[in-house]
Number of protein chains: 2
Amino acid sequence: MADVAKLAGVSSQTVSRVSNGHESVIPATRDQVLAAMRQLGYRPNSAARALRYGRFNTIGVILFSLASTGNSRTVEAIATHAAAEGYAITLIPVDVPTQDNVLGAFTRMGELAVDAVIVIMEIHLLDAATVTLPPGVYVVVVDSDAGDRYSVVDTDQADGARQAVHHLLGLGHETVWHVSGPETSFASQRRAQAWRSTLEAAGRPVPEPLTGDWSARSGYAAGLSLADEPGCTAVFVANDQMALGLLRAFHERGRAIPDEVSVVGFDDIPDSAYFPTPLTTVRQDFAEVGRRCVQRVLTQIREGQAAQPGTDLVPTQLLIRDSTATAPPVAETIAARKPKRR
Amino acid sequence: MADVAKLAGVSSQTVSRVSNGHESVIPATRDQVLAAMRQLGYRPNSAARALRYGRFNTIGVILFSLASTGNSRTVEAIATHAAAEGYAITLIPVDVPTQDNVLGAFTRMGELAVDAVIVIMEIHLLDAATVTLPPGVYVVVVDSDAGDRYSVVDTDQADGARQAVHHLLGLGHETVWHVSGPETSFASQRRAQAWRSTLEAAGRPVPEPLTGDWSARSGYAAGLSLADEPGCTAVFVANDQMALGLLRAFHERGRAIPDEVSVVGFDDIPDSAYFPTPLTTVRQDFAEVGRRCVQRVLTQIREGQAAQPGTDLVPTQLLIRDSTATAPPVAETIAARKPKRR
DNA sequence: AGACGTAGCACGGTCATTGAC
DNA sequence: TGTCAATGACCGTGCTACGTC
């Protein structure tokens with residue numbers, strides 16, 4: 001900075017005023033300073049600034065994986081909105097979700113230059129780690145049921161599942177099968193719970209759910225099982241990728257979609273409209289989730305105090321495409337299917 | 001720090017010694033200090049540290065979008081490897097790839113607390129922005145042909161495309177059609193060039209390529225066109241998502257895969273093994289790309305000087321699944337197809 | 001001599017104060 | 001009165017140099 005001041009023939013004071021947009025600098029002087037900055041390739045040292053102001057203008061994001069569409073789209077939205085507010089995003093990946101690694105991430109986070117943290121993970125792994133969270137760092141959690149302790153933003157998983165099941169029951173299906181995500185996922189749990197309670201509320205039988213791991217591979221495996229299940233005419237799959245695998249399994253086993261079996265997914269990934277059968281699915285608004293996370297975090301930073309615990313639910317929307325149709329007559333279903341088995 | 005010192009009954013000197021792992025501290029004292037740190041939730045101020053050391057232990061990543069599988073997987077690998085080396089990742093998203101926005105990203109980057117930058121984008125937009133890159137910040141570029149000016153890491157796009165075309169020609173296909181990505185993408189350009197030159201080297205006719213935008217939607221549109229193309233028995237699609245759309249278009253038009261038409265994709269996204277026809281595709285090792293980026297960046301930081309310009313190519317691998325097969329006899333192709341048109 | 005305290009400086013920028021033109 | 005120079009305190013940490021027991 002002293003160099004810039006010397007080159008511009010002013011004091012370092014004036015350089016500081018210029019770089020912070022202070023008003024009481026005459027335009028001619030300002031231009032001179034700016035020219036000197038450009039010439040010397042000067043950039044204000046953000047560490048010094050942060051040290052002075054006590055803020056880093058950075059938000060940390062802790063997550064397990066960017067591999068899922070949901071996470072990467074949420075992170076993108078967070079990064080975009082944070083950037084618009086002058087905040088940068090620091091990613092802290094936790095590759096294997098063990099207690100130790102999560103603790104490590106928080107410890108590292110504690111040493112990092114962040115003003116707040118957005119956590120995208122299952123909250124039960126967060127529990128034990130909580131104590132090590134440095135005070136004064138604000139937290140917003142995504143994909144969690146910890147609304148009683150944290151500020152939580154999430155998709156309204158339950159309502160999405162409810163819409164899916166209602167849609168299928170409304171088409172005349174006796175009941176709805178379910179392929180869930182992994183048991184460790186709260187999103188998966190909430191979708192499964194809502195599926196179950198909606199069926200129970202309608203007085204329908206509740207079939208044993210199948211468990212997948214979000215991957216197309218696991219959806220394919222589930223599909224092979226369900227194709228042999230008598231009376232299965234409707235399936236609610238907990239995400240679109242598993243639905244892709246399931247569609248293929250049903251196709252291989254000669255089960256026509258949607259004529260014999262209706263399928264509903266979850267997420268609305270861009271590809272789902274181009275699955276072999278365009279998929280009826282529950283749309284998640286990841287961008288909105290990201291936006292609200294940033295908004296909540298910034299509110300806390302600006303007000304200087306933690307937000308009230310509570311859950312902010314982003315609505316979902318059922319997109320009806322071609323993978324769902326009126327239920328076939330019961331007798332026909334079982335009779336028609338049997339001969340088709342290898 | 002003074003608080004910790006007071007609580008532990010030592011001087012701030014000793015606290016500093018403990019937190020930096022200095023040797024001449026007796027274990028008993030060290031434990032006392034550590035206990036005080038835990039009790040007070042003390043974390044060393046990284047701004048002050050950065051100010052002292054002149055390093056931030058942070059790498060910036062500039063990118064357009066996390067939406068594509070490739071980008072998000074590369075970023076994840078970067079974040080993981082950087083974390084293993086004690087570096088954090090700061091994301092700088094550029095939502096709309098205009099010259100202005102890229103310039104803005106670099107300006108912001110200049111003010112950010114980063115020691116180096118990894119740029120994931122088409123390099124021609126980088127050209128004009130280059131001048132504003134602050135000196136002393138090291139750069140590694142992904143997905144670019146700027147190996148003459150920058151340190152570049154990239155998938156060996158050309159070899160991947162060559163493998164795909166050779167595979168199809170080896171199956172007896174007269175020639176290979178191509179659905180490319182957007183013209184603005186260098187990855188797309190290189191795949192298309194290699195496709196063309198491989199055909200030319202083999203003395204085969206080069207059909208007019210179709211242009212998509214990486215989306216399944218655009219692949220579907222291209223598929224509808226190609227289904228009407230006489231003599232089209234083999235298609236090399238520039239990514240898997242477009243291949244998904246293309247498969248559906250071909251299916252709708254009654255073109256059997258792989259019996260009538262063979263299809264090869266690019267990327268090997270996890271879903272591609274569960275497409276309606278399991279896709280033969282060129283596997284990209286995104287994790288390795290990310291790893292090498294971090295390695296290159298850290299080498300520069302540690303040696304304190306920019307790397308020699310040059311391109312580091314990560315090999316690809318052709319995965320043969322079920323979407324490719326021996327070419328049908330020429331006469332049969334055209335004859336068999338015609339009646340199937342609506 | 002080993003373990004630890006005290007003091008002072010440096011890192012780079014911001015801001016308040018004082019005073020000059 | 002407005003614009004700017006000069007000076008020094010300050011942010012939190014790390015390190016050197018010395019001192020003490």
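In what follows, chains are A, B, ... by sequence order, proteins preceding strands, each numbered from 1.
When the nucleotides dG13(C), dC4(D), dG12(D) are ranked by their closest atom to the side chain of A48(B), dG12(D) comes out on top. Closest to the Q13(A) side chain, of the nucleotides dG14(D), dA16(C), dT14(C), is dA16(C). Taking the side chain of Y42(A) as heavy atoms from C-beta on, and the options dG12(C), dG13(C), dC4(C), the nearest nucleotide is dG13(C). The side chain of R52(A) has dG13(C) as its nearest neighbour among dC11(C), dG13(C), dT13(D).
The distance from atom CG of L40(A) to atom C1' of dG12(C) is 16 Å, rounded to the nearest whole Å. Rounded to an integer number of Å, the gap from CD1 of I26(B) to P of dA1(C) is 18 Å. Rounded to an integer number of Å, the gap from Q32(B) CD to dA3(C) C1' is 13 Å. For the pair E23(B) CD and dC15(D) C1', the interatomic distance rounds to 13 Å; values are reported in whole Å. Atom C1' of nucleotide dT13(D) and atom CG of L51(A) are separated by 8 Å, given to the nearest angstrom. Protein atom CE of M37(B) is 13 Å distant from nucleotide atom C1' of dG12(D), rounded to whole Å. Atom CG in N45(A) sits about 6 Å away from atom C1' in dG12(C), given to the nearest Å. One atom, CZ of R49(B), and another, P of dC15(D), lie 9 Å apart when rounded to the nearest Å.
At a threshold of 4.0 Å, the pair D154(B)-R292(B) does not count as salt-bridged, since none of the basic side-chain nitrogens sits closer than that to a carboxylate oxygen. Using a cut-off of 4.0 Å between Lys/Arg side-chain N and Asp/Glu carboxylate O, E23(B) and R30(B) are scored as not salt-bridged.
Side-chain contact check for Q295(A) and R291(A): at least one donor-acceptor pair (N or O, by modelled atom type) lies under 3.5 Å.
Of the side-chain N and O atoms in Y53(A), none sit less than 4.0 angstrom from OP1 or OP2 of dG13(C). At least one side-chain nitrogen or oxygen of N20(B) sits closer than 4.0 Å to the OP1 or OP2 atom of dG14(D). Look at S12(A) and you won't find any side-chain N or O under 4.0 angstrom from OP1 or OP2 of dG13(C). Regarding contacts with the backbone of dC4(C), every side-chain N or O of S24(B) stays at 4.0 angstrom or more from both OP1 and OP2. Listed pair R17(B) / dC4(C) fails the phosphate criterion, with no side-chain N or O lying under 4.0 Å from OP1 or OP2.
Each of S16(A) and V15(B) lies near DNA chain C, and the nucleotide nearest V15(B) is the one positioned closer to the 5' end.
A donor-acceptor pair is defined here as one N or O able to donate and one able to accept, closer than 3.5 Å; no such pair exists between the side chain of T14(A) and the backbone of V10(A).
Note that OG1 of T90(A) is 10.0 Å distant from CG of D115(A), once rounded to the nearest 0.5 Å.
Using a 4.0 Å heavy-atom distance criterion, M1(A) is classed as a base contact. Using a 4.0 Å heavy-atom criterion, one finds that T29(A) contacts the sugar-phosphate atoms exclusively.
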